[in-house]
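Here is the naming used below: chain letters follow the sequence lines, and residue numbers restart at 1 for every chain.
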Amino acid sequence: MAADFRLKEQLHTLTDRIVESYQEIGRINHLGHCPLPSSAIVVEIIDDLKELLYPGYRRRQTLHMGNVTYFVGDLIDSLHDKLTQQFARALRYEYDLKYGKDCDRRKLMDFEARGQQEAIKFLESIPSLRHLLVTDVEAAYDGDPAASGLDEIIFCYPGLEAVTVHRIAHQLYRQGIPLIPRIMSEWSHNQTGIDIHPGAQIGPSFFIDHGTGVVIGETCEIGTKVKIYQGVTLGALSFAKDSDGNLVRGTKRHPTIEDGVVIYANATILGGETVVGTNSVIGASVWLTKSVPPNTVVTIETPSLRLREAS
Amino acid sequence: MAADFRLKEQLHTLTDRIVESYQEIGRINHLGHCPLPSSAIVVEIIDDLKELLYPGYRRRQTLHMGNVTYFVGDLIDSLHDKLTQQFARALRYEYDLKYGKDCDRRKLMDFEARGQQEAIKFLESIPSLRHLLVTDVEAAYDGDPAASGLDEIIFCYPGLEAVTVHRIAHQLYRQGIPLIPRIMSEWSHNQTGIDIHPGAQIGPSFFIDHGTGVVIGETCEIGTKVKIYQGVTLGALSFAKDSDGNLVRGTKRHPTIEDGVVIYANATILGGETVVGTNSVIGASVWLTKSVPPNTVVTIETPSLRLREAS
Amino acid sequence: MAADFRLKEQLHTLTDRIVESYQEIGRINHLGHCPLPSSAIVVEIIDDLKELLYPGYRRRQTLHMGNVTYFVGDLIDSLHDKLTQQFARALRYEYDLKYGKDCDRRKLMDFEARGQQEAIKFLESIPSLRHLLVTDVEAAYDGDPAASGLDEIIFCYPGLEAVTVHRIAHQLYRQGIPLIPRIMSEWSHNQTGIDIHPGAQIGPSFFIDHGTGVVIGETCEIGTKVKIYQGVTLGALSFAKDSDGNLVRGTKRHPTIEDGVVIYANATILGGETVVGTNSVIGASVWLTKSVPPNTVVTIETPSLRLREAS
């Protein structure tokens, strides 16, 4: 009375059948000699970058001005290597997707050299990322009466986590690195429930409170000091199709939110031509597909409720 | 000035009090000689299966047709053992729940042999799972203008992650494996914010975009080429109780969604008799408890908004 | 054709520029000799506590009454040390925040001794936590027709996960431990999509079904046998500011939910003076900022829908 070993000897036919299915259904395998970027290493890179951006909070907790240079130098060195390798893979991937694996032309491409240039360009942006992120941390403190201090926000606010990863991913998106910014943003979505496309343009002092269910689309433009609550969607109204019925990619499909706007929980704002003007306030559960002038408060009509005694 | 070691010597009375509470409150311990399935190994199984379903994307990135058979054979071998053990545990657990630990009768049961049969049956379903999943990957590409290609979808779309785990869990649910399908679906819920009960029947070319907050109940039936956005609930309207006031389990409580339907963000569709007809479109935030005929567009009345100047 | 090593030799200037930015932007570093609590160890503590609260389900699966005392004794011993260290760090952190690093006064503080006292006080609360949690597990079973038994709930219900971590975090919040309760609640938010502030007061037999997107604010008071569905917000209506324009922290800002209340998906209940009376039912998507008497069913007016044929 135990597992039957004769059954186990049949596993090799099963293996063959699965391998055959890789030939039949080719579009969801990646069987070739060119490795894709590694999700696991991209996640390591995010964690390494958070150590540089907010030193002393997580991995290394006994940093001080006397030893921090060694810590940073060491991290930068290993980040340079990881980024160079991953960027090179992503760039080669994109090249193959566009031009096919035309070997003669491809041999002339030096993906690793371009990967390294982009890695250094990205690492050089870290001080300016910190200048931006301190405004986000302060906006969270100014916006949430339950926050005890800046450290609590850096330790555990999912809104800050999502904005931090977004500012990293957006920098890479602007550098034209394929695939990796999206792997980063979906990792952050997984962790926080906040889904920000790396293409979204977001000004300083941005605060998302609670955050679960927030969706911010690729072509959103968001100004300075904007505050957003859980469940807010900044999305597309409809998708244009070309004459062949394929989706048109790359047009402005998502709204523009100007400086100082507050958007309360579960509001839905749709459309690439929708502009919410400076300092306006969008109430909870508002559903908006048209522009709103500056300094306007938009609320839903107090919904009629039916009250009856419980049976 | 440090921790007081005399205090620490009192810890054994604390230990005794906690162990006593296991005797007093018995319903939330599992203290017996029959191990339950292991959540950690069930998660390993999911990851192993994703390697088989989408080879070359994650763990092993240098697969090609020359070495993939070794990789698959090795994985199948270890998956066979893990599945056999975990299925046997789950089947024994269910048996004990139904019949108590009646040893004479139980000795005659060969849970490991049944576990192995179910493991092999499940592994044999992998090629057909791949046939189904390629339709889901393609549906995501056809449905999202922000997608750069199929690889991006396989790498990072939470909707595909949720559907992949669902198709695995649903196969096990149909085989009558207890507990493990639910451990899988809640793992996926944890990762993606998408909550699909393993019992839900979902046709090919299914796409969930963004996904956070989606709930799909146990007795849903979903046709081909259905597309769903974040925050959509396909839920129960109310629960029947029997004459003792206990919930009736197992009836059809959740809606039927026919082929080609699109359901936009935060729509709520409730009830086991609610049918959304072929090619209908349910607008964002619609709240629906009645059936809708085919080819119908349902939207909420444009909500009246109050606009006033900010003070 | 490879990475250029001369470029790599420039990394040290990059390192210097990043370290300079730590001096320029000081508010988001923690560079000092006093380590903060460690998020990683706080997460370990949560996992250890779940082993004590629900023994036999996860890490150690072959526990029985004959060996469980050794298991518990060993865990309690290591938990005592982890808790003492982390509490001491959190208490010192709070002290420094309030009084600055005034060394003379600080030397007199014995943070580790106070950490140990609080650790033992917390560990002593475990049996009563189990008395409370068994009511939550049973409430989940009584409230969900899809549940096969209590074990399934302990294994995989995110609602139970969130309530378990909340009851731990709330105990620490009441003991006045800084920072750590919030690290715990945001870890749970990350895992479950359910955001419960450690300050919220929640009675026995509490059940959250599905749960993604639930937000329960710091000053909520929730009675016995309350049931809540996904997307429910129990939030603040507006924030008071003092004469300097700073947020007033610590007032009652969130609603009171009395015994036996059920709140369906995506309902939003706001305001510190809002009371939902005993046994009332709040329907899906209701938006409520005023009190409701006991035994009342509140639903939204059946929303007018526009149906038109698809073009």
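- With contacts defined as side-chain heavy-atom distances shorter than 4.5 Å, the pair B/Val72/A/Tyr22 qualifies.
- Residue with the most contacts toward chain B among A/Thr219, A/Leu7, A/Leu97, A/Leu179: A/Leu7 (heavy-atom pairs, distance under 4.5 Å).
- Going from atom OG1 of A/Thr268 over to atom OH of B/Tyr229 covers 13.5 Å, rounded to the nearest 0.5 Å.
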Which atom pairs, one a donor and one an acceptor, fall under 3.5 Å between side chains of residues 230-237 of chain A and the rest of the protein, sequence neighbours left out?
unit_1, atom_1, unit_2, atom_2, d
A/Gln230, NE2, C/Thr233, OG1, 3.0
A/Thr233, OG1, B/Gln230, NE2, 3.0

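- Rounding to the nearest 0.5 angstrom, the gap separating the CG atom in B/Leu133 from the CD1 atom in A/Ile25 is 9.0 Å.
- With a 4.5 angstrom heavy-atom cutoff, B/Arg58 touches chain A only via side-chain atoms.
- Interface remark: B/Leu52 contributes backbone and side-chain atoms alike to the contact with chain A (heavy atom separation under 4.5 Å).
- Considering all non-hydrogen atoms of both residues, B/Met65 and A/Val19 come closest at CE-CG1, 4.0 Å.
- For chain A, the nearby part of B/Glu138 is the side chain; its heavy atoms alone come within less than 4.5 Å.
- Within the 4.5 angstrom heavy-atom criterion, atoms from both the backbone and the side chain of B/Ala147 approach chain A.
- Of all the heavy atoms in A/Tyr93 and B/Glu152, the pair that sits closest is OH-N, 4.4 Å.
- We find the CD1-CD distance between B/Ile153 and A/Glu186 to be 11.0 Å, quoted to the nearest 0.5 Å.
- A donor-acceptor distance shorter than 3.5 angstrom exists from the side chain of B/Arg130 to the backbone of A/Ser21, with no hydrogens or angles considered.
- Rounded to the nearest 0.5 angstrom, A/Arg27 CZ and B/Asp151 CG are separated by 10.0 Å.
- When side chains are defined from C-beta on, B/Ile154 does not count as touching A/His30, because their heavy atoms never get closer than 4.5 Å.
- Most heavy-atom pairs under 4.5 Å with chain B: of the set A/Gly199, A/Gly283, A/Pro37, this distinction falls to A/Pro37.
- Chain A forms more heavy-atom pairs under 4.5 Å with one residue of B/Ala284, B/Gly149, B/Ser285, B/Gly115 than with any other, namely B/Ala284.
- Atoms CG and NZ, on B/Asp77 and A/Lys8 in that order, are 4.0 Å from each other to the nearest 0.5 Å.
- Counting heavy-atom pairs closer than 4.5 Å to chain A, the top residue among B/Pro158, B/Gly213, B/Ala265 is B/Pro158.
- Taking CD of A/Glu218 as the reference point, atom CG of B/Asp144 lies at 8.5 Å (rounded to 0.5 Å).
- Interface remark: of the candidates A/Ile28, A/Thr296, A/Ile18, A/Ile28 forms the most heavy-atom pairs closer than 4.5 Å to chain B.
- At a heavy-atom separation below 4.5 angstrom, chain B is approached by A/His189, A/Asn190, A/Gly193, A/Asp195, A/His197 within residues 188-198 of chain A.
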